[in-house]
Amino acid sequence: MSMVRVRFAPSPTGYLHVGGARTALYNYLFAKKNGGEFILRIEDTDEARSTQESLRGVIDDMVWLNLLWNEGVDPVTLRDQGASGPYKQSERQYIYSEIADNLLNANKAYYCFLTDEEITTQREAAIKAGRPPQVNSPYQDWTLEKAKERLATGDKAVVRFKTRDLKKDYIFTDLVRHEVKFPSDMVGDFVILRSGGMPVYNFCCAIDDHMMKISHVFRAEEHLPNTLRQLMLYEAMGWQPPEFGHISLILDEDRQKLSKRKGAVACGQLKAEGYLASAVLNFIALLGWSHPEGKEIMTVDDMIQAFDVSRLNSSGAVFDRVKFKWMNAMHLRALPNMDLWQEIQPFLAREKMDLPKDPVWQEKSIMAFKTSMETLADAIELYKPLNDISFTILPEAEETLMWEPTKTVLLAWRDLVQASGKDYLSEAEFLKLQDEVKNKTGAKGKNLFMPIRVAVIGKPHGTELKILVPLIKTSSLVTRANKVLEKIG
RNA sequence: GUUCCCAUCGUCUAGGGGCCUAGGACACCUCCCUUUCACGGAGGAUACAGGGGUUCGAAUCCCCUUGGGAACGCCA
């Protein structure tokens, strides 16, 4: 096999969503597995919708996911980087127009002066007659000279690719779904150049894939019909098409294609919600692909090792947030303690918490909370109790406060903590102290620990006290106990 | 409407003619651990869309039906 070169070709018209990320991932994995190259091409021919901000956003998300490319645009400057550029289609117009001219001269394409109204009328009529809504342009029979004369008068025209004289069926072997057969009348004469001269997706795509020597194209199933158009183009230009693999769609809960409109499935949003890039990658990888041994929790390296096109699934997959969250929790736990501490900092910062700077304390806190975190954002609620500013007695504590032994337990607790003379209580010291409270007051079971818990975190349920208490200064424990005692009166 | 694609537990999937009285994972239920919750551990319930073939034998191959999805743009 010659050099493997794959590409991911986003259009900078919005954020990167999980569907796009998965396409990028599969291309990336395939390249890495085969010692090939991964190219990032920017499909920005939609002048109206493409924006610099979107490009920036998509690139940042790719970088966050660590799906880095060998050629494309520089992730920082966004300037071209590589030998097959330009990589932004908007800068490749000279290439497209030259090829369009060739097609025009060869009578394989023609100028079409149909107005929008005329096209709409044709489409409606076609549907009514039970035919696919294709245009049937009267201009396909015009000579190039005649068209150019009209163009010279200032009239605008698109360039359409002529499909009428093509062979009947196009057959190709898809890497994911095996043999696919399209009747050529499935598509009408499609536009390759807009009236402004800007090329259209299928045209650029075929040209760029060829010129950038792309060997394999993995893209979403929605592009299957486009493949027919591109195959026609390859044929017209006498080029060898790449291998195609059309991967299944990611669906929402209603089994519809995951759309930007409906779901919060932007990679950037997942990041903001506290998901790890490694978990996102792991999860989307499994939406349409499986490890030969059924392994579920994987690093990207694991995936590269095991990646095999034959294990790509051809049916659509629902994006299940519940399982995704579980997987994120697994990745969270696999992180070294201090790495996890770093990861939660942006989330804690949102709440302006004042937590100890001592790394020993920090690591201890992570060890205490690691198994209760599903997303990084969960750290906020977990760390809040450690933060004096946010100590409040919650309504759910009311019942405990009304119990008969509560007051005596709290008084004993406060006094013993105060008398300890320590800055922080160790777990053992806390347990011993708790025993003393028990002996002193005769309270046991929930009559004992629930009041104490309220005096520590403001509510009767939550993280184990033996974990929490060693993370809170004794002076703070006393202050908190006093607040609760005040409330009881 | 037309064309194409798809079809195993609620969800992601394993499975490519006998190893399947269908395996794993999430979620769910029960129990254990635990002075709460969580974590962890042990169990449990739940699926081959339907109908025809082919075959000694079909979740696996073929056909039809049904269902779902996608595409039909001067979007990509």
Side-chain angles (χ1 to χ4, degrees), chain A residues 9-14 20 43-50 89 112 114 116 119-120 123 126-135 156-160 174 176-177 180-183 185-188 190-202 204-205 219-228 246 248-249 251 253-257 283 286-297 310-311 313-327 329-330 333 369-374 434 438 444-450 452-453 459-466:
Chain A
S11 64
T13 53
E43 307 213 324
D44 56 351
T45 53
D46 185 347
E47 292 171 292
R49 294 197 301 148
S50 295
Q89 290 184 329
C112 172
L114 241 29
D116 287 349
I119 291 171
T120 311
R123 289 218 166 92
I127 288 193
K128 205 168 280 176
R131 284 180 286 118
Q134 299 165 351
V135 292
K156 293 285 181 203
V158 298
V159 176
R160 283 184 192 278
D174 190 277
V176 180
R177 27 204 103 225
V180 180
K181 181 171 155 185
F182 294 114
D185 59 7
M186 185 174 145
V187 296
F190 54 93
V191 173
I192 57 174
L193 244 44
R194 304 190 228 288
S195 55
M198 187 60 102
V200 167
Y201 170 73
N202 283 294
C204 311
C205 183
R219 55 171 34 155
E221 183 191 333
E222 61 198 354
H223 284 293
L224 218 32
N226 286 328
T227 307
L228 169 60
H246 289 88
S248 55
L249 262 16
L251 277 16
E253 292 82 347
D254 306 326
R255 298 211 137 259
Q256 308 270 304
K257 178 175 132 188
F283 188 72
L286 257 16
L287 254 29
W289 175 78
S290 60
H291 184 103
E293 284 137 43
K295 201 170 171 182
E296 296 222 58
I297 304 297
S310 71
R311 299 193 67 82
N313 213 84
S314 49
S315 54
V318 173
F319 187 89
D320 179 5
R321 283 182 161 273
V322 177
K323 185 163 185 178
F324 177 43
K325 205 170 201 177
W326 164 80
M327 186 164 279
M330 300 309 279
R333 280 180 225 174
F369 293 144
K370 215 171 187 175
T371 55
S372 348
M373 257 187 252
E374 288 190 304
Q434 190 179 233
K438 183 163 132 190
K444 58 182 180 182
K446 63 179 190 175
N447 280 335
L448 174 69
F449 68 81
M450 277 184 157
I452 297 179
R453 185 188 301 282
K459 56 183 182 178
H461 297 285
T463 312
E464 278 188 84
L465 283 174
K466 62 178 184 187

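Numbered from 1 within each chain, the chains take letters A, B, ... in sequence-line order. Quantities reported herein were computed from a predicted structural model and do not represent experimental measurements.
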With both distances under 3.5 Å as the test, what is the Watson-Crick or G-U wobble partner of [N]?
N     : value
B/C48 : none
B/C72 : B/G1
B/U66 : B/A7
B/U55 : none
B/C19 : none

Using atom [atom1] in both nucleotides, what's the gap between [N] and [M] to the nearest angstrom?
N     : M     : atom1 : answer
B/G57 : B/U65 : C1'   : 26 Å
B/U13 : B/A47 : C1'   : 12 Å
B/U54 : B/C48 : P     : 24 Å
B/A71 : B/U8  : C1'   : 27 Å
B/A25 : B/A14 : P     : 15 Å
B/U30 : B/G17 : C1'   : 39 Å
B/G43 : B/A59 : P     : 28 Å
B/G16 : B/U11 : C1'   : 23 Å

Using whole Å, what does the distance between atom [atom2] of nucleotide [N] and atom [atom1] of [X] come to?
X      : N     : atom1 : atom2 : value
A/L224 : B/U3  : CG    : C1'   : 11 Å
A/E464 : B/C33 : CD    : C1'   : 11 Å
A/F324 : B/A27 : CZ    : P     : 14 Å
A/L228 : B/U3  : CG    : C1'   : 10 Å
A/E221 : B/C5  : CD    : P     : 10 Å
A/K181 : B/C4  : NZ    : P     : 9 Å
A/L465 : B/U34 : CG    : P     : 17 Å
A/I452 : B/C37 : CD1   : C1'   : 17 Å

With a non-hydrogen cut-off below 4.0 angstrom, is [X] in contact with a base, only sugar-phosphate, or nothing?
X      : result
A/N313 : sugar-phosphate
A/S290 : sugar-phosphate
A/G130 : sugar-phosphate
A/F182 : sugar-phosphate
A/H246 : nothing
A/R123 : sugar-phosphate
A/T45  : sugar-phosphate
A/G196 : nothing
A/E222 : sugar-phosphate
A/R219 : nothing
A/V158 : base

Main-chain N/O of [Y] paired with [X] side-chain donor or acceptor, under 3.5 Å:
X      : Y      : value
A/S248 : A/S315 : yes
A/D44  : A/Q89  : yes
A/D174 : A/H246 : yes
A/E296 : A/H291 : no

Between A/K466 and A/E464, is there a salt bridge with N-O shorter than 4.0 Å?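 Here A/E464 pairs with A/K466 in a salt bridge, since their nearest N and O are under 4.0 Å apart.
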
Nucleotide of [options] approaching [X] most closely (side-chain heavy atoms):
X      : options             : value
A/R255 : B/U13, B/G68, B/G24 : B/G68
A/R333 : B/C39, B/A27, B/A7  : B/C39
A/D46  : B/A27, B/G69, B/C75 : B/C75
A/A317 : B/C12, B/C75, B/G69 : B/C12
A/R194 : B/C74, B/C26, B/C5  : B/C74
A/M186 : B/C5, B/U3, B/G73   : B/U3
A/Q256 : B/C5, B/G69, B/U3   : B/G69
A/P132 : B/G1, B/A70, B/C74  : B/G1
A/P133 : B/A25, B/C12, B/G1  : B/G1
A/V180 : B/A25, B/C74, B/C4  : B/C4

Once you measure the plane-to-plane angle for A/F319 and A/F283, does it fall in the parallel (<30°), tilted (30-60°) or perpendicular (>60°) bin?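 Perpendicular, since the angle between the ring planes exceeds 60°.
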
Can you see if the side chain of A/R311 gets near the phosphate of B/G15 - specifically, an N or O under 4.0 Å from OP1 or OP2?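 Yes, within the criterion.
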
Would you say A/K257 places a side-chain N or O within less than 4.0 Å of OP1 or OP2 belonging to B/G68?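 False: A/K257 side-chain N/O out of range (4.0 Å or more) of B/G68 OP1/OP2.
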
Should we say atom NZ of A/K370 is surrounded by more than 12 heavy atoms from elsewhere, each under 6.0 Å from it?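 Correct, the count exceeds 12.
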
Could I get the full list of ring pair (Phe, Tyr, Trp, His ring centres under 6.0 Å) partners for A/H223, not counting sequence neighbours?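 So A/H223 forms a ring pair (Phe, Tyr, Trp, His ring centres under 6.0 Å) with A/Y201.
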
Would you kindly say whether A/T227 and A/R219 are connected by a side-chain donor-acceptor distance under 3.5 Å?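 Result is yes, a qualifying pair exists.
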
Suppose we call a contact any N or O donor and acceptor under 3.5 Å apart; does that hold for the side chain of [X] and the base of [N]?
X      : N     : value
A/K323 : B/A27 : no
A/S195 : B/C74 : yes
A/N226 : B/A76 : yes

Upstream residue (5' side of RNA chain B) when A/R453 and A/F319 are each assigned their closest nucleotide: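 By nearest-heavy-atom nucleotide position, the 5'-most residue is A/F319.
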
Earlier contact from the 5' end, RNA chain B, for A/D44 and A/G288: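 With A/G288 and A/D44 compared, the 5'-side residue is A/G288.
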
Taking C-beta and beyond as the side chain, do A/E43 and A/C204 meet within less than 4.5 Å on heavy atoms?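 They are not in side-chain contact.
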
